[in-house]
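Remarks on the structure that follows.
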Amino acid sequence: MPLLVMKFGGTSVADPDRIKNAALKVQREVERGYDVIVIVSAMSGKTNELVGWVEQTSPLFDAREYDAVVSSGENVTAGLMALTLQEMDVPARSWQGWQVPINTTAAYSAARFVDIPRKNIDQKFAEGFRVAVVAGFQGLSPEGRITTLGRGGSDTTAVAFAAAFGAERCDIYTDVDGVYTTDPRITSRARKLDRIAFEEMLELASLGAKVLQTRSVELAMRYKVRLRVLSSFEDTDQNSGTLICDEDEIMESKVVNGVASSRDEAKITLVTVEDRPGISANIFAPLADAGVNVDMIVQNISEKDYEDHPGSVTDMTFSVPINQVERAKRAMEDARQAGHIAYDELVVDTEVAKVSVVGIGMRSHTGVAARMFKALADENVNIKVIATSEIKISVLIDRKYMELAVQALHDAFELEKA
Ligand code: ADP
Ligand code: ASP
Ligand code: MG
């Protein structure tokens with residue numbers, strides 16, 4: 001039988017009524033003749049609550065126990081979804097990660113898929129079950145412990161199952177009706193896209209558009225999964241939502257197709273670091289060892305001499321996720337104690353946000369940076385750090401201007417117009 005993967009996010013399974021609403025969508029596909037693998041998130045707010053409890057109990061927590069706690073929300077919704085389907089006379093069975101088993105790496109709290117053996121679920125389908133409800137976000141490490149896939153990980157579970165089971169499509173049901181030119185909660189001028197290229201979606205996701213987890217887009221691109229984002233709360237059909245597809249399936253494209261923002265950023269500056277070979281390595285190796293995800297990095301040696309520092313010195317600025325500031329600080333202080341690096345002061349700015357513009361067209365167009373900086377200047381927004389790649393430009397700014405900047409850039413690149 002043809003197979004579909006349908007994933008329901010937190011707001012789509014927030015209570016028994018919402019679960020029923022989602023189950024009706026599943027039932028409809030079963031009636032159309034599909035076997036369905038349903039991937040569920042935890043009820044909305046649940047994972048945040050669990051993470052909060054872990055951090056309150058142990059600020060520098062053991063990631064194995066973090067995973068044991070935060071994976072639990074999905075177990076509840078998987079069971080409830082299976083029960084709801086059974087009540088509708090749809091033969092359904094729930095699956096926790098270890099029962100499949102969903103084999104992952106041992107990178108607790110940020111694990112990656114290794115493989116998903118089909119045997120157990122295929123056997124249940126052969127017995128007449130029509131739906132396998134799988135708890136998203138979780139897996140099993142080689143040592144037999146529960147892992148989680150990073151926040152938003154159920155999207156990736158869905159794509160991985162679609163790839164492993166050769167699904168006709170992977171439908172991500174959520175609380176918006178597709179992928180927009182920017183977060184529709186920030187500006188009502190955001191426009192829904194019928195299609196978006198994998199590369200652009202990948203950038204938008206990694207730059208903060210949480211509608212899809214980055215890794216899910218990566219996997220869909222690699223395994224050629226037909227990936228779609230659509231609404232759980234509206235009537236949907238074959239053409240609803242946004243298709244994430246190859247660049248050549250898209251007719252019209254602009255230089256910039258999307259604006260992404262991320263408020264969970266922090267900026268760390270090491271003031272007056274020596275300027276000599278090996279210093280960067282001595283700074284970023286301990287950060288990597290501590291599991292800190294460094295994003296933007298700026299180093300610029302002043303051409304001016306510092307009176308109290310013989311030889312050349314520089315400041316080193318980098319950005320990290322805001323919840324990794326303590327880890328980063330500790331790694332730097334330890335490296336200083338050990339004599340591997342020297343700096344006068346470590347300055348943390350936790351009031352920053354990152355705003356980015358994304359577009360494949362940037363590969364062949366100039367002037368995008370100038371237009372972006374002009375739009376920000378017109379709103380009096382100061383840029384603290386800039387980073388660019390082939391198809392994106394990102395800036396770090398004061399967090400209080402984030403929404404303003406998103407709107408200004410959305411206007412400047414005329415994204416509301418098709
Ligand atoms: P779910 O719980 O279903 O996984 P998420 O909260 O993870 O849902 O993702 C959906 C949210 O992503 C939307 O409510 C929206 O605010 C946000 N979002 C950010 N950027 C975009 C974008 N470009 N297009 C659509 N939604 C976006
Ligand atoms: N519940 C998990 C989270 O909030 C995974 C997911 O919903 O995708 O990150
Ligand atoms: Mg999500």
Side-chain angles (χ1 to χ4, degrees), residues 6-14 18 21-22 39-52 54 66-67 69-78 97 109-111 134-139 146-160 171-196 200-217 228-233 241-242 244 256-264 323 354-359 402-403 406 409-410 415-416:
M6 303 171 74
K7 180 257 174 179
F8 294 93
T11 40
S12 313
V13 293
R18 297 259 177 101
N21 167 63
I39 310 293
V40 286
S41 289
M43 291 181 180
S44 63
K46 193 51 172 173
T47 311
N48 285 342
E49 181 182 50
L50 295 169
V51 170
V54 168
Y66 169 95
D67 283 359
V69 176
V70 306
S71 62
S72 64
E74 274 73 9
N75 296 342
V76 175
T77 45
S109 83
V134 179
F137 182 49
Q138 56 176 259
I146 295 169
T147 54
T148 63
L149 307 170
R151 298 306 305 273
S154 301
D155 299 329
T156 306
T157 307
V159 174
D171 285 343
I172 306 286
Y173 287 88
T174 184
D175 56 3
V176 285
D177 61 352
V179 177
Y180 280 69
T181 47
T182 195
D183 188 339
R185 295 185 203 291
I186 294 186
T187 167
S188 56
R189 291 201 283 278
R191 178 172 50 88
K192 200 195 105 196
L193 300 162
D194 291 332
R195 292 176 176 224
I196 183 167
E200 287 179 337
M201 191 63 241
L202 200 58
E203 284 287 358
L204 287 174
S206 74
L207 294 168
K210 67 175 185 151
V211 62
L212 286 173
Q213 197 197 33
T214 310
R215 185 86 185 116
S216 72
V217 186
R228 195 163 68 133
V229 174
L230 67 173
S231 166
S232 317
F233 303 123
T242 302
I244 328 297
V256 166
N257 281 313
V259 179
S261 58
S262 162
R263 60 174 65 251
D264 306 321
N323 62 359
K354 183 170 63 174
V355 176
S356 315
V357 297
V358 172
M402 189 184 91
E403 282 83 4
V406 168
L409 294 172
H410 200 269
L415 295 185
E416 74 281 11

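Just so you know, ligand 1 is whichever comes first in the structure, and atom 1 is the first atom listed for that ligand. For reference, positions follow the sequence shown, starting with 1. In this text, all values refer to a predicted model and were calculated from it rather than measured experimentally.
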Query raised in the report: What about D155: any of its N or O atoms under 3.5 Å from an N or O on ligand 2?
Result: no

Query raised in the report: Nearest non-hydrogen atom to atom 21 (C) of ligand 1 belongs to which of D183, V406, V259, T242?
Result: D183

**Report entry** Option passing side chain to side chain contact (heavy atoms under 4.5 Å, CB included) with F137 (candidates D155, V40, T47)
**Finding:** T47

Query raised in the report: So is P184 close enough to ligand 1, meaning a heavy atom under 4.0 angstrom away?
Result: yes

**Report entry** Subset of ligand 1 atoms that lie under 4.0 Å from at least one heavy atom of G9
**Finding:** 1 (P), 2 (O), 3 (O), 4 (O)

Query raised in the report: Going from CZ on F8 to CG on D171, what distance comes out if it is rounded to the nearest 0.5 angstrom?
Result: 8.5 Å

Query raised in the report: Is the shortest distance from a Lys or Arg side-chain nitrogen in E403 or R263 to a carboxylate oxygen in the other one below 4.0 Å?
Result: yes

Report task. Give the numbers and elements of all ligand 1 atoms closer than 4.0 Å to a heavy atom of A209. Result -> 19 (C), 20 (N)

Query raised in the report: Which atoms form the tightest heavy-atom contact between N21 and F233, and what is the distance?
Result: ND2-CD2, 4.0 Å

Requested in this report: Starting at OG of S232, measure out to NZ of K7 and round the result to the nearest 0.5 Å.
Outcome: 8.5 Å

Query raised in the report: Measuring from T11:OG1 to D175:CG, what's the distance to the nearest 0.5 Å?
Result: 3.5 Å

Query raised in the report: What do you reckon, does G178 put a non-hydrogen atom under 4.0 Å from ligand 1?
Result: yes

**Report entry** For E74, atoms of ligand 2 separated by under 4.0 Å from a heavy atom
**Finding:** 1 (N), 2 (C), 5 (C)

Query raised in the report: Taking N or O atoms only and a 3.5 Å limit, does G152 qualify as a polar contact for ligand 2?
Result: yes

Query raised in the report: Which bit of V229 gets closer than 4.0 Å to ligand 1, counting heavy atoms only: side chain, backbone, both or neither?
Result: neither

Query - Distance from atom 27 (C) of ligand 1 to nearest protein heavy atom, with residue and atom - result: V211 CB, 3.7 Å

Report task. Answer with yes or no whether the side chains of T147 and D67 bring together a donor and an acceptor at under 3.5 Å. Result -> no

Report task. Take every heavy atom of L204, measure it against each atom of ligand 1, and state whether any distance is under 4.0 Å. Result -> no

Query raised in the report: Would you call V176 and R185 a side-chain contact if the rule is heavy atoms closer than 4.5 Å?
Result: yes

Query raised in the report: To the nearest 0.5 Å, how far apart are NZ in K192 and CG in D177?
Result: 5.0 Å

Requested in this report: Flag the pair V179 / M201 as yes when at least one side-chain heavy-atom distance between them is below 4.5 Å, and no otherwise.
Outcome: yes

**Report entry** Residue, atom name and distance, where the atom is the protein heavy atom closest to atom 2 (O) of ligand 1
**Finding:** G10 N, 3.0 Å

Query raised in the report: Given K192, K7, K210, which one has a non-hydrogen atom that is nearest to atom 4 (O) of ligand 1?
Result: K7

Requested in this report: Can you pull out the closest protein heavy atom to atom 3 (C) of ligand 2? Residue, atom name and distance to 0.1 Å, please.
Outcome: R151 NE, 3.3 Å

Query - Euclidean distance, L204 CG relative to I196 CD1, rounded to 0.5 Å - result: 5.0 Å

**Report entry** atom 14 (O) of ligand 1 - nearest protein heavy atom and its distance
**Finding:** R185 NH2, 2.7 Å

Query raised in the report: Within less than 4.0 angstrom of ligand 2, does G10 place any heavy atom?
Result: no

Report summary line: So OG1 of T77 and CD of E74: to nearest 0.5 Å the spacing works out to 5.5 Å

Query raised in the report: What residue and atom, counting heavy atoms only, is the protein's closest point to atom 11 (C) of ligand 1, and at what distance?
Result: D175 OD1, 3.9 Å

Report task. Look at the side chain of Q138 and the backbone N and O of G97, then say whether any donor-acceptor pair between them is shorter than 3.5 Å. Result -> yes

Report summary line: atom 1 (P) of ligand 1 has as its nearest protein heavy atom T174 OG1, 3.6 Å

Query raised in the report: Quick one: which ligand 1 atoms are inside 4.0 Å of a heavy atom on V179?
Result: 24 (N)

**Report entry** Nearest non-hydrogen protein atom, atom 7 (O) of ligand 2
**Finding:** S41 OG, 2.8 Å

Requested in this report: Could you find the nearest protein heavy atom to atom 24 (N) of ligand 1 and give me its residue, atom name and distance?
Outcome: Y180 N, 2.9 Å

Requested in this report: Look at ligand 2 and say whether G136 reaches it with a heavy atom at a distance under 4.0 Å.
Outcome: no

